[in-house]
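These notes are about the structure you will find just below.
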Protein chains: 2
Amino acid sequence: MPNTPEVSSLTLNRLSIYLRSLRQLEEERVATISSQELAHRFHLSATQIRKDLAQFGEFGIRGVGYDVAQLALRLSRLLGLERRHAIVICGIGNLGRALAEYWGFNHGPFAVVAGVDQDPRKIGKRVGTFVIAAPDEIERLVRETGAEIGVLTVPPSAARESYLALVDAGIRAVLNFTLQRLEPRPGVRVKNVDLRINLEELAFHLGG
Amino acid sequence: MPNTPEVSSLTLNRLSIYLRSLRQLEEERVATISSQELAHRFHLSATQIRKDLAQFGEFGIRGVGYDVAQLALRLSRLLGLERRHAIVICGIGNLGRALAEYWGFNHGPFAVVAGVDQDPRKIGKRVGTFVIAAPDEIERLVRETGAEIGVLTVPPSAARESYLALVDAGIRAVLNFTLQRLEPRPGVRVKNVDLRINLEELAFHLGG
DNA sequence: AGATGTGAATGAGTTCACAGCT
DNA sequence: AGCTGTGAACTCATTCACATCT
C-alpha cells in the first residue's frame, strides 16, 4: 500500500471552494478556464490552485487550462461528493433543529435522515424530513438508513455518551459542536466546530 | 505607535482555550499551575502555551508556574472579554434563531440584543431575549443597544445588502455564516464561518 | 531545583520562477 | 505563445533545548 501522506484541512477546504467556483462557471456555460482566471474571478491564488491539485494528479492541459466540467467532476469524486452521505443528528435543541433543516446539510450528497433526543416530549415530533427518535434507537437508525456521519449538538455533559453510541452504531465520521473533547476511536474521524471561539476572536480585535 | 504585528487566528483561538482551561482550574480551587501540567491536563503543548503568552508579555513566575486566577484575568482582558459585547443577528431563519438562543452567544461578555428579518410575518415575534425588527431598524438598534458585533444568517442573495447595512449602522465586527464573500471595509472585521465545508471535509475521508 | 521565557532548529504552508508540454 | 506542473525560496508556525530567573 502506498504511504498516503495525510492531506491537510487547508488543502481540502480549498478544494471545496474550487469545486463551488467551478459549479458556478458551469452554470455560466464556461467550458475552459486557466488557474490564472479562476483565481482572479474568485479571489484565489493561481499557484495555490495548481499546487493543491498537484497533490492528486494532473488535471489541466498545458497552454490551455482546465476543462471546467471535467475538473468539477474529478474534484467532486475526490472529495467523495459523488455518492450519498446520510447524516444523523444527536440532540435536537435549537442548533440541532437548525442544522437538520439547514440547506448545506440537505443538498447534493448530504441528507439529514434521522435525529435523536433524550427529551421524551420531543420524541415523535417531526423535524425537517424525519421524526425525532429516542437515543437507544441510534443503532437501528444507522443500520436502516446507512448513515455515515453523526452530528453532535447535545449538551456537553451528554457528549461523550452520545459519541460512543454513534461509534458503536457504526458511524464513521462525527461533526462535534459541543466543547467536549472526544477521545479518538479507530476508523472514526472527528471534526470539532467551536462557534463560540469565533466571537472571542472578534472580541480580541474589538479591544478591551 | 509601535508596529503591531497582527496576531494569528491560531494563537488567538488557543488563548481562548487556555482561558477556558484556567476557568475550570479556578472552579477546582487550583491556585497555581505550570505550563507543563496545564498542557498535560488539557491536552495542550507546554512550549506552545509559553510561546503564545510570550507574544503579550510575561505572565509566570520562574520556578513556580502561573497564578491561575491572575493569568485567567489577564487573558480575559487581552481577549476583550472583560467588557460586554452586544450582538445583532441579521436573518432569523433556523440558524439565526438557534444562534440567538445559543448558550455560547449569550454568556459572559456576549449577549444577543437584537435581530432583524425581511419577512413581515416574523417582525414583532419574540426570539430569545428580543423582538424581531425590520431591517431598516438596524441603525437605530445598533445605536440604542451599543451593539458591536453583527451575525449574518441571511440567504446569500441578501448577504451583501445586510452587511452594508450593518457597516453603515456602525457595527465593528461581523460573523458571516453565508457563503457570500464580503468586501472588506476599513474598521470592520469579518470572520467567515462555513458550516457546510466541514461536512465536505469529512466526506473526503469517507472516500468515494 | 524547577519552571519560565526565548533563540535556534525544524516543519508546514505558500509563493516564486521557470522548465516543459500543447 | 501560453499555461500547467514543480523544484527552490521564502514565510509562517511549532518544537527543541537551554540560559535565566525565583
Backbone N/O of B:A72 and side chain of B:S76: donor-acceptor pair under 3.5 Å: no

Any donor-acceptor N/O pair, B:N106 side chain to B:V112 backbone, under 3.5 Å: yes

Sugar-phosphate, base or nothing in reach of A:T11, heavy atoms under 4.0 Å: nothing

OP1 or OP2 of C:dT15 under 4.0 Å from side-chain N/O of A:S45: yes

Can you tabulate the close N/O pairs, meaning under 3.5 Å, that link protein atoms to atoms of nucleotides 6-13 of chain C?
from  : atom 1 : to    : atom 2 : distance (Å)
C:dG7 : O6     : B:K51 : NZ     : 2.8

B:H85 (side chain) donor-acceptor with B:G80 (main chain) under 3.5 angstrom: yes

Global bending angle along the helix from C:dA1-D:dT22 to C:dT22-D:dA1, which compares the axes of five pairs at either end, to 10 degrees: 10°

A:K122 side chain to A:I132 backbone, donor-acceptor under 3.5 Å: no

Residues in side chain to side chain contact (heavy atoms under 4.5 Å, CB included) contact with B:S34, at least two apart in sequence or another chain: B:Q36, B:E37

Flag for B:E201-A:S16: side-chain donor and acceptor within less than 3.5 Å: no

Nearest-0.5 Å distance that lies between atom CD1 in A:I197 and atom CG in B:L12: 9.5 Å

Selection: residues 64-79 of chain B, any non-hydrogen atom under 4.0 Å of DNA chain C: B:V64, B:G65, B:Y66

Separation of C:dC16 P from A:Q36 CD (nearest whole Å): 12 Å

Atom pair CZ (A:R14) and CG (A:D52), whose distance is rounded to the nearest 0.5 Å: 4.0 Å

5' to 3' contact window, DNA chain D with chain B (heavy-atom distance under 4.0 Å): D:dA13 to D:dT22

B:G91 backbone acceptor or donor facing B:T153 side chain under 3.5 Å: yes

A:L141 backbone acceptor or donor facing A:T145 side chain under 3.5 Å: yes

Any donor-acceptor pair under 3.5 Å from A:E101 side chain to A:G128 backbone: yes

Could you list the donor-acceptor pairs under 3.5 angstrom formed between side-chain atoms of residues 162-169 of chain A and any protein atom two or more places apart in sequence or on another chain?
from   : atom 1 : to     : atom 2 : distance (Å)
A:S162 : OG     : A:A158 : O      : 2.9
A:Y163 : OH     : A:E183 : O      : 2.8

Side chain B:S35, main chain B:T47, donor-acceptor under 3.5 Å: no

side-chain N/O B:S34 vs C:dA3 OP1/OP2, d < 4.0 Å: no

5' precedence on DNA chain C between B:G63 and A:I61 (nearest-nucleotide basis): B:G63

